[in-house]
Amino acid sequence: MVSASPFFQMQFLSIEESNATHLESLIHLAAEMKSTRGAHSNLPLAGQTWAIIFTKASTRTRVSFEVGIRELGGNVMFLSKNDIQLGRGEPIKDTARVLGRMVHGAVIRTFAQQDVVDFASYSGIPTINALTDEEHPCQILADLLTIREKLDTWAGKKIVFIGDGDNNMSRSWMWAAKYLGFELVVAAPASCLPQKDFMDRLDASNVTLTIDPVEAVKNADVINTDVWLSMGQEGQGEKEALFGDYQVNEKLLSHCADKHIVLHCLPAYREKEITESVLEAHADTIFQQAENRLHAQKAVLAALVE
Ligand code: CP
Ligand code: NVA
């Protein structure tokens, strides 16, 4: 049982809306899902059909949700925006009210966080955020599971997010740090650090911001990076040009703690945010992190329908 809260049984839209107990229980359940894969004692989605509605590209999230829903006994349909009237301008609230009467749950990847909030509210069915411009909550669960597997715990560790400090991944990481209490340093060019209103809302003294990548990674246990230009920002060459000093390369990693790990949510752009040699040296961790999407999301799905 992950949480008795009716709220957590209806939606998983952000880490911001979560809390320490909820996150800990989801990670615990994810580890259990991983160890019992292929032999689950119950199939919580049996008899259900879930919709996966994506308006952005995806490899890991789409495949892990499709596999995960089936492994939990459910049926699944993938709907890209081009397949449905959403792509021709039908409002999200109408799409939600139709699907809410036909399917049992929805997994949505899109741009505006408000769209997943509206979908959840108008559909009345369990709704999962599979990435918006605001957050990528499922990814952070997989990342936390990977840290626990590789380093035993995040407690007392120094975790760094280096790259675009004002994107979905960095925001979800900052909320996770607030609730779980580990030290998080976000290193980014000044114009790519989170805004003051976000930091005020976050209100977490264990999260610090810096423009100094070397200072950020000093004695760090976990180095986490992501693309410099998120989906929807393609072609923003001026922004990309700001990140030269923030590449995760061997020289930067020489400042980390001896037993550091490197995380990347993928897809990775080699020789931009991470070098080929660093990615390949840490491929075991990075692809374990990718696999953990499956186990973490099965935990989210099971928790929503328990
Ligand atoms: N990390 C991640 O969400 O990957 P996809 O965009 O391939 O789903
Ligand atoms: N910040 C990236 C994450 C991709 C998984 C993006 O939104 O494109």
Side-chain angles (χ1 to χ4, degrees), residues 12-16 30 50 52-69 76 78-81 106-116 128-147 160-176 186-189 192-194 198 223-237 239-240 242-243 246-248 262-270 272-274 279 282-283 285-301:
F12 184 66
L13 302 187
S14 66
I15 302 292
E16 178 175 0
W50 279 59
I52 300 184
I53 306 162
F54 279 18
T55 68
K56 287 176 175 169
S58 169
T59 298
R60 281 142 288 269
T61 312
R62 174 181 175 174
V63 173
S64 53
F65 267 112
E66 289 210 28
V67 171
I69 289 167
V76 58
F78 179 80
L79 304 168
S80 87
K81 74 171 193 310
V107 178
I108 304 179
R109 168 170 285 200
T110 193
F111 294 86
Q113 181 74 14
Q114 192 59 45
D115 282 349
V116 293
I128 298 172
N129 176 2
L131 179 147
T132 60
D133 290 346
E134 186 65 26
E135 280 220 33
H136 196 0
C138 296
Q139 179 72 55
I140 267 52
L141 293 181
D143 299 359
L144 290 167
L145 176 61
T146 310
I147 291 173
V160 177
F161 184 92
I162 181 163
D164 185 357
D166 195 24
N167 77 4
N168 40 20
M169 283 296 299
S170 60
R171 275 190 285 273
S172 289
W173 264 105
M174 286 187 270
W175 288 112
V186 176
C192 300
L193 285 169
F198 176 85
I223 312 301
N224 195 1
T225 191
D226 180 19
V227 293
W228 291 335
L229 300 178
S230 286
M231 287 180 276
Q233 299 179 337
E234 294 85 355
Q236 291 186 20
K239 179 177 178 184
E240 193 177 44
L242 300 171
F243 287 98
Y246 298 83
Q247 183 187 67
V248 177
V262 173
L263 297 179
H264 193 312
C265 62
L266 302 175
Y269 290 86
R270 276 132 165 117
K272 292 205 169 177
E273 75 273 5
I274 190 166
L279 192 141
H282 293 268
T285 306
I286 291 170
F287 290 99
Q288 182 171 326
Q289 177 190 4
E291 180 199 324
N292 282 341
R293 297 293 306 279
L294 171 65
H295 312 300
Q297 289 156 197
K298 283 170 74 179
V300 172
L301 289 160

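Both counts, for ligands and for their atoms, begin at 1 and track the order of listing.
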Ligand-residue contact atoms, ligand 2 with Val227, heavy atoms, under 4.0 Å: 2 (C)

For atom 4 (O) of ligand 1, the protein heavy atom that lies nearest, with its residue and separation: Arg60 NE, 2.9 Å

Close approach, Arg109 and ligand 1, non-hydrogen under 4.0 angstrom: yes

Any N or O of Leu266 closer than 3.5 Å to N or O of ligand 1: yes

Numbering as shown, the atoms of ligand 2 that approach Asn167 to under 4.0 Å (heavy-atom distance): 1 (N)

Identity and separation of the nearest protein heavy atom to atom 4 (C) of ligand 2: Leu131 CD1, 3.9 Å

Heavy atom of Leu266, distance to ligand 2 below 4.0 Å: yes

Carboxylate-amine/guanidinium contact Arg171 Glu16, below 4.0 Å: no

Interfacing atoms of ligand 1 (cut-off 4.0 Å, heavy-atom, Thr59): 5 (P), 7 (O), 8 (O)

Rounded distance (nearest 0.5 Å) linking atom CH2 of Trp173 with atom CZ of Phe161: 9.5 Å

Cys265 N/O to ligand 1 N/O under 3.5 Å: yes

Asp115: partners by side-chain hydrogen bond (donor to acceptor under 3.5 Å, both in side chains), with sequence neighbours left out: none

Arg62 charged N/C atom sitting above Phe78 aromatic ring, 6.0 Å / 45°: yes

Which of the ligand 2 atoms, numbered from 1, are nearer than 4.0 Å to a heavy atom of Met231: 6 (C), 7 (O), 8 (O)

Candidate pair Asp143 and Gln289, rule side-chain hydrogen bond (donor to acceptor under 3.5 Å, both in side chains), full reasoning: CA-CA 6 Å; Asp143 299 359; Gln289 177 190 4; 2.9 Å; yes

Reference residue Ser64; test side-chain hydrogen bond (donor to acceptor under 3.5 Å, both in side chains); the match among Gln297, His295, Arg293: Gln297

